[in-house]
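To keep things clear, I will list the structure first and then write my remarks on it.
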Amino acid sequence: MATFLYRIGRWAFRRRRLVGGLWLSVLVLAVAAAALAPAGEDEDLAMPGTESQKAFDLLDERFPQSNSQGAEARLVFRAPDGQRVTARQNKAAVEDALGSLDQGEQVASTTDPYTTGAVSEDGTIAYSTITYTADAVDLTASAKSALEDAASRARDAGLTAEIGGSALDAEEELGGTTEMIGVAVAAVVLVLALGSLVAAGLSLLTAFVGVAIAFGLVSALAVPLGLTSTVAILALMLGLAVGIDYALFITSRFRDERARGSGPEEAAGRAVGTAGSAVVFAGATVVIALVGLGVVGIPELTRMGMGGAGAVALAVLVALTLVPALFGFFGRRVLSRAVRKASPPADERSHPVLGAAGRPGLGTRWARFVLRRPVAVLMIAGLGLGAVALPALSLELGLPGDESKSVQTTQRRAYDLLSEGFGPGFNGPLTVVVDMSRSADSRATTDLVAKTVRAVDGVASVGDPVLNRTKDTAVLTAVPRTAPNSGATKDLVHAIRDAVPGVEADTGAGILVTGTTALNIDISEAMSDALVPYLSVVIGLAVLLLMVVFRSVLVPVKAALGFLLSVGAAFGVLVAVFQWGWAADLIGIEQTGPVMSLMPILIIGIVFGLAMDYEVFLLTRMREAYAHGASPGEAIVNGFRHSGRVVAAAAIIMISVFAGFIGMNSPTIQTMGVGLAAAVAFDAFVVRMAIAPAVLALLGHRAWWLPRILNRVLPNVDIEGEALSRQVPAAAGEPDAAVRRLPVGRD
């Protein structure tokens with residue numbers, strides 16, 4: 001593989017105008033396709049095979065008209081203190097506000113709270129349901145403005161008025177302040193790590209090209225493939241993070257090769273052949289882990305995995321082709337100014353690990369420190385991560401609703417008003433679907449179902465059954481006494497499902513419990529059940545891939561256990577922040593609750609690939625040195641000497657990019673940002689920088705042991721570029737005279 005990539009690197013360098021033109025053309029086409037494509041819709045989560053999803057499918061079949069409605073809004077009114085919403089002047093204000101919506105643009109219907117019974121028992125709160133002819137993403141600005149104006153009319157009359165429902169839902173907009181801060185931090189780290197504005201700009205430019213193409217493709221395919229804004233944001237987040245890192249790794253290796261005397265084209269080929277091999281492997285692990293999310297069975301999770309995998313694959317292709325092409329365009333400006341101006345003694349070329357002052361760099365000093373105290377480092381790092389991971393034992397999964405939004409939003413205030421006026425369960429009603437196609441008496445069946453559900457402890461009320469036109473299906477609404485995300489509501493769903501089998505046996509009806517709350521519960525339980533199997537598959541894959549790469553049994557086992565530690569610590573952070581509320585105010589989390597159900601598996605898939613990035617880039621140099629006769633300790637020092645600084649910079653960049661998304665208003669993106677930033681920090685700086693070298697130091701030669709039978713069976717992917725060293729002379733190319741004398745900066 002190294003030889004093949006070496007040829008790609010040299011070809012891209014020579015044909016840089018062709019390569020640059022091709023990528024520019026792809027970028028223009030992707031942007032144009034995104035601009036011309038219709039906007040996608042944010043669909044509700046679905047979990048095929050669950051009881052709640054079967055009920056939704058049955059409703060789509062038996063109630064086609066009611067399930068084809070568009071967006072819905074709830075306009076909630078509260079009377080001033082000491083007054084009732086039914087008072088004459090308040091009633092007139094409510095009717096005036098609702099009257100302004102009648103016959104409005106895209107409005108299908110509005111309900112009168114005084115005739116539908118939508119007034120609280122104490123008479124202080126009422127609500128009206130407004131349905132639209134279009135989905136939320138298709139509502140015009142004037143339709144939304146009319147809804148907000150109606151609320152303003154009520155407020156002007158002295159009422160409190162808030163808006164809930166899906167009508168005001170909008171796709172997340174990118175380009176906020178926190179995202180820009182994350183990119184700015186990444187730029188600063190690149191400049192400090194590379195010592196060159198040109199080299200830093202090159203890494204950012206190539207990452208932006210890959211991200212722009214990925215984002216354009218996701219936007220263009222949003223409608224035909226059902227891709228949501230969350231898929232686009234994940235593609236942006238991952239593509240930007242790995243794109244910068246992959247460009248940094250190859251750029252750093254190119255500069256090393258130039259400092260060793262290779263000519264520009266030769267250095268580009270060697271950089272792609274060596275660091276590019278690690279990029280391919282690291283990118284492949286991320287892609288495999290993300291594509292593997294499809295086995296969980298949630299369409300939205302599958303789409304997120306595919307979108308993220310596509311962005312990572314594009315980042316790999318850009319790094320292997322556009323990055324070496326830009327080396328040709330920028331020439332020696334990719335090198336730092338200090339290196340370009342330096343003229344060290346000729347004999348310093350034989351000591352590339354030393355800087356101008358002959359002192360070892362920080363990476364070398366840290367590696368030697370770990371070698372002197374491996375047990376202490378291992379104990380402190382391992383126990384520290386274990387302590388951070390402890391909150392993960394209390395992990396609860398759920399799906400966020402309006403209750404998780406900021407109290408500054410009208411949706412959250414509407415949610416609170418409805419909970420106050422009609423009970424906490426009003427915002428999460430359960431829908432009981434009765435299939436009576438095999439029942440002899442539909443009336444008796446619905447009466448028995450209503451009586452049975454009403455008798456279950458925890459049910460506040462059960463509405464009258466609504467039958468379809470053919471009278472073979474009925475729908476009943478059961479309101480819990482507890483909030484949608486509470487454990488009591490989860491128990492209630494199971495209690496109702498346990499209570500209806502007897503009714504099914506007596507009547508021949510099929511009874512299913514669904515609704516948003518029930519579906520969220522089913523998805524959360526499915527995620528919990530799938531977590532351990534998926535983690536087992538990922539760990540098994542990690543061990544197998546690393547065994548192939550490093551020709552070792554114990555190194556992959558060590559890497560897998562370290563991955564578990566970093567993921568466990570990341571889950572601990574999620575529980576502490578989003579469930580327990582620790583430091584929640586710092587990131588704008590005003591309501592604690594369960595961790596979003598999709599996050600654990602999604603984070604496992606993403607972090608698995610990213611963890612392999614750092615494992616590969618650090619251990620490749622260690623394995624290379626050991627294979628050439630270095631002692632185990634010398635191999636560890638060699639790995640940190642050449643890769644420690646670059647890996648640290650790459651980790652800081654990735655953490656900055658992920659943390660930049662924490663400021664978004666979406667609970668999904670906030671959770672993802674916190675979880676991924678924490679996981680990368682733990683994995684890069686604790687697991688790979690501390691635990692890994694400590695374990696390798698304790699194992700010694702045993703770390704690189706591989707049974708003979710496995711050595712014969714496993715393929716040799718040559719990620720260290722040994723075949724490249726044998727086939728290509730070290731001094732191939734025509735190095736610049738000035739470059740022959742360049743020193744290598746300290747790590």
Side-chain angles (χ1 to χ4, degrees), residues 178 181-182 237 241 379-401 403-407 412 483-487 490 520 523-525 527-528 531-532 534-535 561-608 610-611 651-652 654-691:
T178 54
I181 292 175
M237 185 187 301
M379 292 293 292
I380 293 173
L383 291 176
L385 282 184
V388 176
L390 282 178
L393 299 175
S394 303
L395 178 66
E396 297 178 6
L397 300 181
L399 291 175
E403 76 282 356
S404 64
K405 294 181 178 178
S406 168
V407 293
R412 169 61 187 278
N485 272 333
S486 71
K490 176 180 177 180
N520 290 352
I523 290 178
S524 298
E525 291 182 349
M527 290 295 95
S528 298
L531 190 59
V532 173
Y534 181 73
L535 187 59
L561 294 177
F563 166 69
L564 284 176
L565 274 176
S566 57
V567 167
F571 288 173
V573 170
L574 290 180
V575 171
V577 174
F578 292 94
Q579 284 183 214
W580 297 353
W582 293 5
D585 292 341
L586 297 178
I587 59 176
I589 302 297
E590 299 173 355
Q591 178 67 41
T592 59
V595 173
M596 186 179 179
S597 339
L598 305 183
M599 283 303 106
I601 282 184
L602 188 62
I603 288 175
I604 287 173
I606 295 173
V607 173
F608 163 67
L610 302 182
I652 294 173
M654 198 169 285
I655 293 167
S656 302
V657 171
F658 289 149
F661 287 84
I662 296 175
M664 298 188 74
N665 292 326
S666 168
T668 302
I669 304 303
Q670 281 185 316
T671 307
M672 199 183 303
V674 171
L676 292 177
V680 170
F682 293 137
D683 196 86
F685 292 108
V686 182
V687 173
R688 309 303 157 190
M689 294 283 190
I691 292 179

With side chains defined as the heavy atoms from C-beta onward, is the minimum distance between [X] and [Y] less than 4.5 Å?
X    : Y    : result
V607 : F563 : yes
D683 : R688 : yes
I603 : F571 : yes
L676 : V657 : no
N520 : P484 : no
L385 : I691 : yes
V687 : F682 : no

List the steps and the verdict of side chain to side chain contact (heavy atoms under 4.5 Å, CB included) for L564 and L535. CA-CA 9 Å; L564 284 176; L535 187 59; 3.7 Å; yes

Once rounded to the nearest 0.5 Å, what's the spacing between atom [atom1] of [X] and atom [atom2] of [Y]?
X    : Y    : atom1 : atom2 : result
I523 : L598 : CD1   : CG    : 7.0 Å
M596 : L574 : CE    : CG    : 12.5 Å
I601 : M599 : CD1   : CE    : 11.0 Å
L531 : L395 : CG    : CG    : 7.5 Å
Y534 : I604 : OH    : CD1   : 7.5 Å

Minimum heavy-atom distance between A684 and A651, given as atom pair plus value: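 A684 and A651 have their closest heavy atoms at CB-CB, 3.4 Å.
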
Considering all heavy atoms, the nearest P391-V575 contact: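 So the two residues come closest at O-CG1, 3.3 Å.
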
I'd like to know if the side chain of Q670 and the backbone of I662 have a donor-acceptor N/O pair within less than 3.5 Å.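 Such a contact is found between Q670 side chain and I662 backbone.
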
Does the Q579 side chain pair with the main chain of E396, one donor and one acceptor, at a distance under 3.5 Å?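 Confirmed, Q579 side chain pairs with E396 backbone.
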
Pair I652-F685, side chain to side chain contact (heavy atoms under 4.5 Å, CB included): steps then yes or no: CA-CA 10 Å; I652 294 173; F685 292 108; 3.7 Å; yes

